[in-house]
There are 2 protein chains.
Amino acid sequence: MNLKELATKLGLSPTTVSRALNGYPEVNEATRARVIAAAKRHNYHPNTRAIRLATGRAMAVGHVIPIATRHEIVNPVFADFIAGAGETYSRNDYDMILSVVPDEDEEATYRGLKSKGNVDGVIVHAPRMNDPRIALLREIGLPFVVHGRATGSSEPYSWLDVNNRRAFQRATEFLLDLGHTRIGLVNGLEFMDFAIRRRTGYVDALTARGITPDPALMFSDEMTEVAGFRATQAMLALPQPPTALLCASMISGMGARRAVESAGLTVGRDVSIIIHDDDLSYMKNGEDVPIFTATRSSVREAGRLAAEMLLGLIAHPEDAPQQRLLEAELIIGQSTGPAPKA
Amino acid sequence: MNLKELATKLGLSPTTVSRALNGYPEVNEATRARVIAAAKRHNYHPNTRAIRLATGRAMAVGHVIPIATRHEIVNPVFADFIAGAGETYSRNDYDMILSVVPDEDEEATYRGLKSKGNVDGVIVHAPRMNDPRIALLREIGLPFVVHGRATGSSEPYSWLDVNNRRAFQRATEFLLDLGHTRIGLVNGLEFMDFAIRRRTGYVDALTARGITPDPALMFSDEMTEVAGFRATQAMLALPQPPTALLCASMISGMGARRAVESAGLTVGRDVSIIIHDDDLSYMKNGEDVPIFTATRSSVREAGRLAAEMLLGLIAHPEDAPQQRLLEAELIIGQSTGPAPKA
DNA sequence: GAATCGCCTCAAACCGCTTTGGATGGTTCA
DNA sequence: TGAACCATCCAAAGCGGTTTGAGGCGATTC
């Protein structure tokens, strides 16, 4: 059933039927009702491809997921971020199209998306320092929202981020208040913007209390279980091992836990651990009582909001770029305690 | 730059330019070369929307990710599966469109996808027993491949699955060979097809050795850390606790580990653990020596293959349904050992 | 009674490509 | 030498909608 058939069946022209269904005012309300009823009865759904060609809009947004060719790692937060964004898109009848591309093909992918016209805008994932994608997207004129920020970009652009610096600063202060002074950092890769900011927060908090950050206590790697394990194991082997750790994610925190326990120590007593918790649906940090003390911010909610920002931008491209900074909560769980007496 | 402009610029008709670019034989090779050169020079990319309307093909496949409204859990294997599938799609110039929908809206989503014509086929995720989606998709005539199988569906359909029964059977046998007789099962939700099959494999192996499966040792829940923890904790509190566990995923295995260790026991000595390892990129089971003994099958590879099957089906809809059963490897890690002497 | 005005409706152009059904001119072959 | 045949190219008709510009028509105004 297409528009023309429906129109003939109703004894109307396609024009009128189209207008009736799309809520244009120049059609009699009685007629409109009749048309809508018929459309429902005949189960008429306008062909998306035709709408897209006619209107020039793609009614779709792109998410380009870069795969680091070296590590081949898909960041697990994508799943939840996308679930959140997807909710927004469904509500607005937008499609979400995902491109999984080796990071060296990213530029070509964005250009293709624009020139072939299959999306109206994109979400930029995993921004790095001085991320070239921002200039690129502005150049080719594709609306975009960055999930995170890109230190080093001068011109304003739209982004949505968690206050990573503040979160790790507060977490560090919390540990300091508990009497810890040897605090280790199990950070993500430090060319990623969020990791840089977290490190800054950590360093700032230490410095503010007169503690000189010790490079031997700062690790930076993929946020995997194994990497968390290795970093922790290395730190625990030091002459002056840390009594507390800041971990970049739930998963690296689990690696840290394994290292602590396989060293015969107990988490929360011998070694305190604070993680950053993205509140992933399949990776809940305990139930009533959180397993880990954590800085928490829902990445799913971030997905929802970022998608809304993007749709807004697409609807009003002339608007100024939007920014939104979310604060993480500091939630107390079972993995932290006072520093052990020396 | 569109086709018509390019044609005028070349002094050719749109027809010829289109044919030249699409490799049709009725065009002089010299002309073709000239056209291709001009297209490159002017950075011409055909408008996807127009192609789609003209050809009637969407050049896109859909992945409908159901969100269980009750738990709101996004299965973490999606990320890797989709990364794998995405590779296949990119190579074939297909778009991947993701719909994240509450499971009660699933049927409407599939129908909409078909009648609005935005995809040429779909991948069905997370099949359950007697899954209604199979009949639905056949009815509406949308090509599909199921990731997994749906016990109870009579008519043939295309699927790609891991031999879950066999994997868990072998894992159980391996534990039996090590002298374990009290073996616990920390399974996924048993309305999911894969969970049913795993349980069958486990039960079969026990029965074959004359051991009656003990309901007190069989748990079924979401595959989360917390669920793994709880199930394990409950079993360890039994008068006759298990000396070995089969866990449905790396994540539930981590919960199990936490429970074992917080009971003051040691994994691999007091309690052996075997997990199923989907070989997720961010959740590697150790490096040289695996952390967990595991049945392993790469879900990313599964994504690649399933996508290939689907594209084949779309290209040749008349072909008979395809099936493919992947075998999981049993890899030995540090989490298993002989049964402790009673 | 003619002119004006709103309200509805329609025919036709258009979006940018593919594809069908010729047209053209040069070759080949009987 | 004329017919059949290629090889090459083009005009035009879609694909299924949206949107512009133009009426038709009954009611109102002067």
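In what follows, chains are A, B, ... by sequence order, proteins preceding strands, each numbered from 1. The basis for the numbers below is simple: all heavy atoms, side chains too, and nothing from hydrogens, waters or symmetry mates. A quick note: this is a predicted structure, and the numbers were derived from the prediction, not measured.
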- Message: I'd like to compare against my own output: the B/S/- annotation of nucleotides 18-28 of chain D with a strict under-4.0 Å heavy-atom distance to protein.
- Response: BBBB-------
- Item | B:Asn118 side, atom CG; A:Arg52 side, atom CZ - distance, nearest 0.5 Å | 5.5 Å
- Query: Have A:Thr16 and A:Ser13 got a donor and an acceptor in their side chains that come within less than 3.5 Å?
  - Reply: yes
- How do B:Asn47 and B:Glu26 order along DNA chain C: which one's closest nucleotide is nearer the 5' end?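 Nearest nucleotide further toward 5': that of B:Asn47.
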Between [Y] and [X], is the closest basic N to carboxylate O distance under 4.0 Å?
| X | Y | value |
| --- | --- | --- |
| B:Glu301 | B:Arg324 | no |
| A:Glu107 | A:Arg133 | no |
| B:Arg111 | B:Glu139 | yes |

Separation of atom [atom1] in [X] from atom [atom2] in [N], rounded to whole Å:
| X | N | atom1 | atom2 | result |
| --- | --- | --- | --- | --- |
| B:Arg52 | D:dG17 | CZ | P | 17 Å |
| B:Leu21 | C:dG16 | CG | C1' | 14 Å |
| A:Leu12 | C:dC10 | CG | C1' | 10 Å |
| B:Leu10 | D:dC9 | CG | C1' | 13 Å |
| A:Glu5 | D:dC15 | CD | C1' | 13 Å |
| B:Lys4 | D:dA11 | NZ | C1' | 13 Å |
| B:Asn28 | D:dC6 | CG | C1' | 13 Å |
| B:Arg32 | D:dT8 | CZ | P | 10 Å |

- Under 4.0 Å between any heavy atoms, over every strand shown, what does A:Gly11 touch: base, sugar-phosphate, or nothing? Just pick one.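 Sugar-phosphate, no base atom in range.
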- Query: With a 6.0 Å cut-off on ring centres, are B:Phe81 and B:His125 close enough?
  - Reply: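 Aromatic pair counts; centres sit under 6.0 Å.
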- Message: So, does B:Thr31 get its side chain near the phosphate of D:dC9, meaning an N or O under 4.0 Å from OP1 or OP2?
- Response: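 True: B:Thr31 side-chain N/O within range (under 4.0 Å) of D:dC9 OP1/OP2.
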- Message: Need to verify one output field. Residue with the more 5' nearest nucleotide on DNA chain D, B:Glu29 or B:Leu53?
- Response: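 The residue mapped nearer the 5' terminus is B:Glu29.
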- Task: May I ask you to decide if the ring planes of A:Tyr157 and A:Phe144 are parallel, tilted or perpendicular, using 30° and 60° as cut-offs?
- Result: parallel
